[in-house]
Amino acid sequence: MKNFIYTIMIVATLLLLFNACETDKEIKLPAYHPKLVVHGYMALGDYFTVAVGKTLNITGTIVPDTASYVKDARVILFENGIRKDTLLYDSATQRYTSSKIIAITANTYKIIVEAAGYTTVEATATAPSVVNTELVRYQQNARFSSDGEALNDVTFRFHDPAAEQNYYLLELNRQTPYGNTRPDIEFCVYTYDPVIEQSQSDFNPFQNNSCIGSNSILFTDKKINGSDKQITISGQAGYMTEMQYNNDVYRPYLKKYNISSAFYQYVKDGITLRNLQDNPFAQPVTVSSNISNGYGLFTIYSVTVDTLR
Amino acid sequence: MKLRLLLLLLIASVACEGQTLLSRQVVLTRNSGTAGQFLDELDSIQGITLSYSSGVIDLSKKIQTTGDEKTVEDFLKTILKGQPVRYRELNGKIFFLADEPVKKKFTISGYISDNKSGERLIGASLYDEQTKQGTTSNTYGFYSLTLEQDSVKLLVSYSGYTSQAFSIDLKEDILLNIALDPKVVLNETVVVNAESKTNTQNRTLPGKIDINSSLIKSVPALLGEPDVLKTLQLLPGIQAGNEGTSGLVVRGGSADQNLVLLDGIPVYNASHAFGLFSIFNADAVNSVEVLKSGFPASYGGRLSSVIDVHMREGDKYNFHGEGGIGMIFSKLTLEGPLKKGKSSFLISARRTYLDLLAKPILKSTSIGKFDLFFTDIILKTNFPIGKKDRIYFSFYTGKDKFRTIEDFSTNEHTQRNDYGFSWGNITAMTRLNHVYSKKLFSNLTYNYSRFGFDAFTHSVLTEDMNGNPQDYQQKYLSSIQDHNIKYDVDYLPSPKHFIKFGTAVTLHHYRPGVTQSYLKDTVVRINERLENHSLYTGEYDLYAEDDVRLSDRLKMNIGMRLTGFNVSNSLFFSVQPRLNALYKLNDKWSLKGSAVKMNQYIHLLTNSNMGLPTDLWVPVTKRIPQQVSYQFSGGISYSQHKFIEVSMEIYYKHLQRVIEYKEGLGFNTSSNNWEDLVELGKGKTYGAEWLLQKNKGKLTGLLSYTLSKSTRTFDNINNGKPFPYKYDRRHEIKMALVWKPSRRLELGCDWLFSTGNAVSLPVSYYYNPATGQTIDIYSGRNDFRMPAYHRMDVSVKMIKQKRTHERSWVLGIYNVYNHQNPFFIYRRTTYVAPGTFQASFRQISLFPILPSFSYQFKF
């Protein structure tokens, strides 16, 4: 009986304190006018391929991403200011593709996308050079994280080109049976190297060595321009062990992308957006875009891949 | 007095009519004789009439003319030479008036206190009805009034107390300690002392409001616990950040721009339970002084407001106490004399007891220990050291704590998980009051203030998966700690001047984040301690101000504050002029104005804006220098015998170098550098506030309306365009009423309405086909409004005088008509049918209708 009374008192108090109510709320939004969304990510040597979609109404029925694609657009490609191709829509991949133009280092490419009912959009990208990795060292169970998890160290060295401003994206992961697509699994990577961007939590912006997503390790050559640079990153060992499947061995790898500043900012914004998605008090993230009059990203990158053994 | 008036009248008249009679050329027959003979001869000349009394002029005085005298005035100068007499021409006559003797000045000084408890009264008013000159008591009840030798009729008054009049024949300096009796009639309590007519000193400051503890205890409160900071939210221009929280937004300034003082000591986090309650126990509060603008030079360090909470010193004559038992609180305050009439003490404590109630239930679970409470304790004492000195000690500690210890055991192993976090303030103060002379009063104070937050986890496993015992610990600590020494002097040379000057040195110790990790199985695997962010800084202040009466109608408070701050070999300076003025149009109407510059050397890193204990205070740096504000305000007020008071104030505030996290959550370019996380910008806030108060009668209360606008501008946010500040609220209406029909019943009601908070909401979205991520598109920062906020609270207090004590039952209802006020709005996706989802905006509301009760006693 005594416990029962106590239970009621506690539950009543908790209910009073934390009985948050939730209701639908009509918010007067500006009239919805869809805009074109263009995404084109080309590696050096790839044929130009872009996805054209549209923005969607924020309320009401949610449509799947495939339903947001615009299939009747005209996508015109320019190389160094000269019109080179009109990309054709491939219904299998739902992308607009060129069959003759590939991205070549130092060339500048522009696309113009037109579609009935939408404002015409355009974007420009310059193809970067390849920045080779000169050394890669892999050491398993080299250290522990502050949570006590075993970490594998990956050390790599490269020479940053002096003539250009470089932005880098690293991807540390394990090969998958699904080919060259970006892996779904992302784990924690730690580093003490100050050139690597650290994603911070509001809880402690002074905290060193916080978890960085293994597919989104970013740094620039701002402090290392034109010099040799060696970086060590440490990934969670459990996610980096070799895996055998149908007689194939899937090994960990390190991909180093040389990307544009627009791509760099786009990835950063994406990470920030992901970190904030459950925080109702956080200020909004405006994801950057290099598509004028529209949204998305048109970019060209170079990439090096090193398998870790 | 009448003589002086007559004289003035004469002077005025003469000025108007000219001096034809005095300049008339005359010839006298005699060149020697008595003064009487000469005057008779002058009077006998056609057209010259002299009017004098032998009591004024020594008529027998021997006079010898020089021969140079030509005019009537020349002769009068010779005749009256050496006599205390002046002459004036008026209506064709020459009048002779006795010179007033130069009167000596004497000083009346002493302390004003509560006759019942001996508590010193802050801001009590003294006023000489003869000369219309007056002053007020300072923070320690000390006053000094210097007047000419005369019969003085001194009227001493203080809100909530019976005024006293003293007739004094002022012939020498007088030490007069005055004890005022609290008013017996309960319904005579002044609600808000913003424009007290007799408060001659403080009324120079626009934007200043004094609140006594009776208002705090009378208005309805959340869960029945009277709250100082929530009471302030009923005043115009002062808003709650979020519903239910104690955070304050004053005239569009952010929460970190409020200087909250507990007995003069800065407090860095003034709330318990994540902002639901303030740290000030209303039973121990004496008064609260709030400044929204017109800051005198004696205050500094924050941009937007000063909230100076004075706790009681304790009863010097009788031992008594008060306390209460509520739904989640119990509290007790005891006070009494250490040596009757000389010294006193006060001890006050509060604690929530949710965890104590839960303990019997938790006995049957794996939870071995469960702490969930907050508590605070105040200790104060003061006693005299000789006739001219009094020493004060004060100590406060408050803590919020959550901790659980849980034990698990299986056949293979046992595990103990210990997890918790806590935060709190500690303040301590030693103050020496010294009366140098009847006109000079000083304070030497040492303050200590610390706010700390810590979180920890400790896990002990008898056997991990490798068969080894494991001990894992992690700790996070952050704190800010101040040591401050200051010296303040009050100098009252005459009723026309109230001069304050002083200096202070503060040593700040910032530890914005320290993490410790430890892991041991077969060996110690981690033993990290990162403490490289500990930082010491020094802050130096020097100020002087004069509350000067320039005429019977015009008063000014003129001051200057000079401050310096050194951090990491960088030195920052600030010169802050302060100017406040009051012009009395007549007995009822007055005009006010102020222009002030304020400066702030610390920033608050917060992403929630809710005043959470995890928010971090950081000092200025070269890249992120001090915040500065310029505020101009002016107003007009009307007071009808303190019964009805109406005021209107307009203000404009410009904020420089305010900070805001970069878009989204911080993303650091190089670790350890918070400067990379924030943007520097500026703010603009302006508005008008109307306040109507009824201070006397059975029904007292206030009604206010505020029209305001507050914006922020950052180069890299919202494309550099100004956007509404999160707590920009265009309209705000507030009402608080207290009805005391009898001494046994008290009814309270308040109602608040305000425009909804500004929020950023997405207007559309798109998919990133490479990642599948949904990306929201915003039209701008804070360009939508939450629904309007409004709420009514009521309370009933039933008071009964028992033989040994007084008891009260307080029943209250928060949000009586159960309006669902917005706490935040988010976009939610709901399942409708297979493959079909709907998105809509949802509003989260915190507090529905909340009844409460508490039992209170006083003995």
Side-chain angles (χ1 to χ4, degrees), chain A residues 2-3 6-7 9-10 13 16 19-25 27 29-30 32 37 39 41 51 53-62 65 68 144 146 148 182 194 197-208 268-276 280-287 295, chain B residues 328 354 357-358 360-361 472 476 512-513 515 517 519 525-526 528 530 533 605 607-608 614 661 663-672 674 677 760-770 773 775 777-779 784 820 824-826 829 836-846 848 850:
Chain A
K2 201 175 169 186
N3 279 359
Y6 274 124
T7 309
M9 287 180 74
I10 290 165
T13 311
L16 287 175
N19 183 20
C21 309
E22 187 170 343
T23 47
D24 267 320
K25 200 49 66 182
I27 302 285
L29 296 169
Y32 165 64
V37 179
H39 284 95
Y41 305 84
K54 62 177 179 182
T55 58
L56 302 163
N57 202 349
I58 197 72
T59 54
T61 304
I62 294 175
D65 59 340
S68 71
F144 291 92
S146 58
R182 272 171 77 89
E197 298 238 28
Q198 298 272 352
S199 176
Q200 298 286 343
S201 68
D202 188 35
F203 180 66
N204 180 13
F206 292 84
Q207 192 169 8
N208 258 327
K268 268 179 81 166
D269 292 342
I271 297 166
T272 310
L273 185 67
R274 192 180 55 199
N275 288 344
L276 281 184
F281 303 107
Q283 288 297 349
V285 183
T286 305
V287 175
Y295 298 98
Chain B
I328 60 167
L354 195 63
L357 295 172
I361 299 166
Y472 172 71
Y476 168 81
T515 308
S517 299
L519 174 65
R525 289 182 181 266
I526 323 161
E528 287 181 48
L530 307 173
H533 305 295
L605 295 178
N607 203 48
S608 65
T614 50
Y661 264 117
E663 296 244 323
L665 195 58
F667 199 99
N668 204 350
T669 307
S670 60
S671 59
N672 314 333
W674 65 268
L677 301 177
S760 308
L761 294 174
V763 292
S764 59
Y765 72 100
Y766 64 89
Y767 292 102
N768 178 346
Q773 193 174 20
I775 294 167
I777 299 166
Y778 294 85
S779 53
F784 289 97
Q820 293 185 344
F824 64 83
I825 288 176
Y826 77 107
T829 307
T836 309
F837 294 88
Q838 285 274 344
S840 61
F841 286 110
R842 303 279 291 173
Q843 171 185 293
I844 298 291
S845 306
L846 264 194
L850 282 179

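In this text the structure is predicted, and so the values were computed from the model without any measurement. Chain letters run A, B, ... following the sequence lines, proteins first and then strands; every chain starts at 1.
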For A:T55, is it the side chain, the backbone, both, or neither that has a heavy atom closer than 4.5 Å to a heavy atom of chain B?
both
Part of B:F784 within contact of chain A (heavy atom distance under 4.5 Å)
side chain
Identify the two heavy atoms, one from A:L273 and one from B:Q773, that lie closest to each other, and give their separation to 0.1 Å.
CD2-NE2, 3.8 Å
Heavy atoms only: give me the nearest A:H39-B:Y766 pair and the separation to one decimal.
CE1-CE1, 3.7 Å
Where B:Q838 and A:T61 come nearest, the two heavy atoms and their spacing:
NE2-OG1, 2.8 Å
Against chain A, label B:Y778 side chain, backbone, both or neither, depending on which of its atoms sit under 4.5 Å from a heavy atom there.
side chain
Which pair of non-hydrogen atoms, one from A:N57 and one from B:Y765, has the smallest distance, and what is that distance?
O-CE2, 3.2 Å
Among B:I775, B:L761, B:I777, who wins on heavy-atom pairs under 4.5 Å with chain A?
B:I777
Min side-chain heavy-atom separation A:I58-B:F841 under 4.5 Å:
yes
Relative to chain B, which of A:I62, A:D269, A:T59 shows the most heavy atom pairs under 4.5 Å?
A:I62
Verdict with supporting geometry, B:Y767 and A:L56, side-chain contact (heavy atoms from CB on, under 4.5 Å):
CA-CA 9 Å; B:Y767 292 102; A:L56 302 163; 3.5 Å; yes
